[in-house]
Amino acid sequence: MHAGKTAEAIAVLDAALAKKPADPELHYARGIALQQAGRGDEAVAAWKEAVRIDPKFYPAHNGIGAVALDSGRLDEAVAAFEAAIAAKPDFPDAHYNLGRAARAQGQNERAAAALVEANRLAPEDVDVLFLLAQVDRDLGKRDEALAAATKAASLAPDDAEVRRTLGHLLMEADKVREAQVEFSVALQKRPDDNDAKLGLARALVKLERADEALVHLADLAARLPDQAVVWSEWGAALAKLGRLDGPDGALAKLDKALSLKPELASAHIRKIGALAQAKQCKPAKEALKAFTAKSPKPDALAQAKAALGSCGK
């Protein structure tokens, strides 16, 4: 199996099973070989035979659950992982996989509980920490998410996805300088990471380095010309530099964002603010009226009204 010779491995295991058909270890190993050969259904059948012989053979339960999870059969996956945990409560992989399945079901509280247990059993497992950070973030547990992501990054400093996720969490915690470092590292590891590039641009604008952000935003607009959020962020950077008018100014970029996604709140708010900044109060008020007509969320509407500044007086 380690040499990739799955057919030969299956033949060896079949020969062994002919002599010891009631050995769950052999059925389990055969399932692994079948899975490596891309024969998932046969692998599950082999693992089911292993647990028929020994209902507490927890690796086979976990394997059954993993195939079910990958196939989107979430209830079946959860049942298999629960069986693995019942057979061996200190098996971290089963708790981690249960967390994955519960998250896929939209049950983030249950996912978090499973991942906390997996982390207790395997405190240096980066995959567990990374998923726990994402689930905690979804639950609004920002401090817990940041702690998990920080530890994951310390254990896997070369993992671009982990470093980028940590950057986003640091931004949400208003730790912008630290976030800028994380996004920069993520891009060093994976130069084509558009999400990290956008995160870096946002951080640079907040750090009063909007001129540096422009290079990244122009590159993103070339790569992702249909992404309204990129044009909105580009407009924000240009507005920060006072470059509002003309075909390459902030207002043109924000109008482009709104042409791509008319309901994009950030672009509306930034356009209102840019117009007010230029003392174009009448167009700013008209922009606010247009945004209000789209029935935005109350907090977005409040931001839009605040963006009027002195024009609102």
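The figures here come from the full heavy-atom set of this structure, side chains too, leaving out hydrogens, waters and symmetry mates.
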Give a yes or no on whether [X] and [Y] share a hydrophobic cluster (residues Ile, Leu, Val, Met, Phe, Trp, Tyr; joining criterion: side-chain heavy atoms under 4.5 Å apart).
{"X": "Val116", "Y": "Phe91", "answer": "no"}
{"X": "Leu166", "Y": "Leu187", "answer": "no"}
{"X": "Val215", "Y": "Leu220", "answer": "no"}
{"X": "Leu254", "Y": "Val229", "answer": "no"}

Salt-bridge test for [X] and [Y]: reply yes if a basic N is under 4.0 Å from a carboxylate O, no otherwise.
{"X": "Glu172", "Y": "Arg137", "result": "yes"}
{"X": "Glu208", "Y": "Lys240", "result": "yes"}
{"X": "Arg39", "Y": "Glu42", "result": "yes"}
{"X": "Lys88", "Y": "Asp90", "result": "yes"}
{"X": "Arg270", "Y": "Glu233", "result": "yes"}
{"X": "Glu117", "Y": "Arg120", "result": "yes"}
{"X": "Glu144", "Y": "Lys141", "result": "no"}

Test item: [X] and [Y] side chains (from C-beta on) under 4.5 Å apart, heavy atoms:
{"X": "Asp125", "Y": "Asn119", "value": "no"}
{"X": "Met171", "Y": "Lys206", "value": "yes"}
{"X": "Gln227", "Y": "Leu260", "value": "no"}
{"X": "Leu251", "Y": "Leu238", "value": "no"}
{"X": "Leu98", "Y": "Arg110", "value": "yes"}
{"X": "Val230", "Y": "Asn194", "value": "no"}
{"X": "Leu131", "Y": "Gln134", "value": "yes"}
{"X": "Lys253", "Y": "Asp248", "value": "yes"}

[X] side chain vs [Y] backbone, donor-acceptor pair below 3.5 Å:
{"X": "Trp231", "Y": "Pro225", "result": "yes"}
{"X": "Ser71", "Y": "Ala68", "result": "no"}
{"X": "His95", "Y": "Pro89", "result": "yes"}
{"X": "Ser232", "Y": "Ala228", "result": "no"}
{"X": "His27", "Y": "Pro21", "result": "yes"}
{"X": "Trp47", "Y": "Tyr28", "result": "yes"}

When rounded to the nearest 0.5 angstrom, what distance separates CG in Leu146 from NZ in Lys151?
14.0 Å

Atom CG of Leu17 and atom CD of Glu49: how far apart are they, to the nearest 0.5 Å?
9.0 Å

Show your reasoning for whether side-chain contact (heavy atoms from CB on, under 4.5 Å) applies to Arg103 and Asp138.
CA-CA 10 Å; Arg103 188 185 190 212; Asp138 291 343; 2.9 Å; yes

Working note: Val176 + Gln180, criterion side-chain contact (heavy atoms from CB on, under 4.5 Å); need CA distance, chi angles, decisive distance, verdict.
CA-CA 6 Å; Val176 182; Gln180 180 255 317; 5.5 Å; no

Salt bridge (Lys or Arg N to Asp or Glu O under 4.0 Å) partner of Asp193, the single match among Arg223, Arg164, Arg163
Arg164

Intermediate values then yes/no, side-chain contact (heavy atoms from CB on, under 4.5 Å), Asp159 and Lys189
CA-CA 7 Å; Asp159 190 314; Lys189 304 300 179 185; over 6 Å; no

Aromatic ring pairing His168/Phe183, orientation class (parallel under 30°, perpendicular over 60°, tilted between)
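Because their plane-to-plane angle is over 60°, the rings of His168 and Phe183 count as perpendicular.
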
Regarding Asp75 and Gln105, do their side chains bring together a donor and an acceptor under 3.5 Å, going by distance alone?
yes

Is a side-chain donor-acceptor pair under 3.5 Å present for Asn97 with Asn62?
yes

For His216 against Leu200, the heavy-atom pair lying closest together:
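Shortest heavy-atom separation between His216 and Leu200 comes out as NE2-CD2, 3.6 Å.
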
Looking at Lys294 and Pro262, what are the two nearest heavy atoms and their distance?
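Closest approach of Lys294 to Pro262, heavy atoms only: CE-O, 3.2 Å.
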
Would you check, one step at a time, whether the test side-chain contact (heavy atoms from CB on, under 4.5 Å) holds for Lys271 with His268?
CA-CA 5 Å; Lys271 182 177 180 179; His268 282 285; 5.8 Å; no

Check the surroundings of atom CG in Asp299: do more than 12 heavy atoms from other residues, nucleotides or ligands lie under 6.0 Å from it?
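Count over threshold, so yes.
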
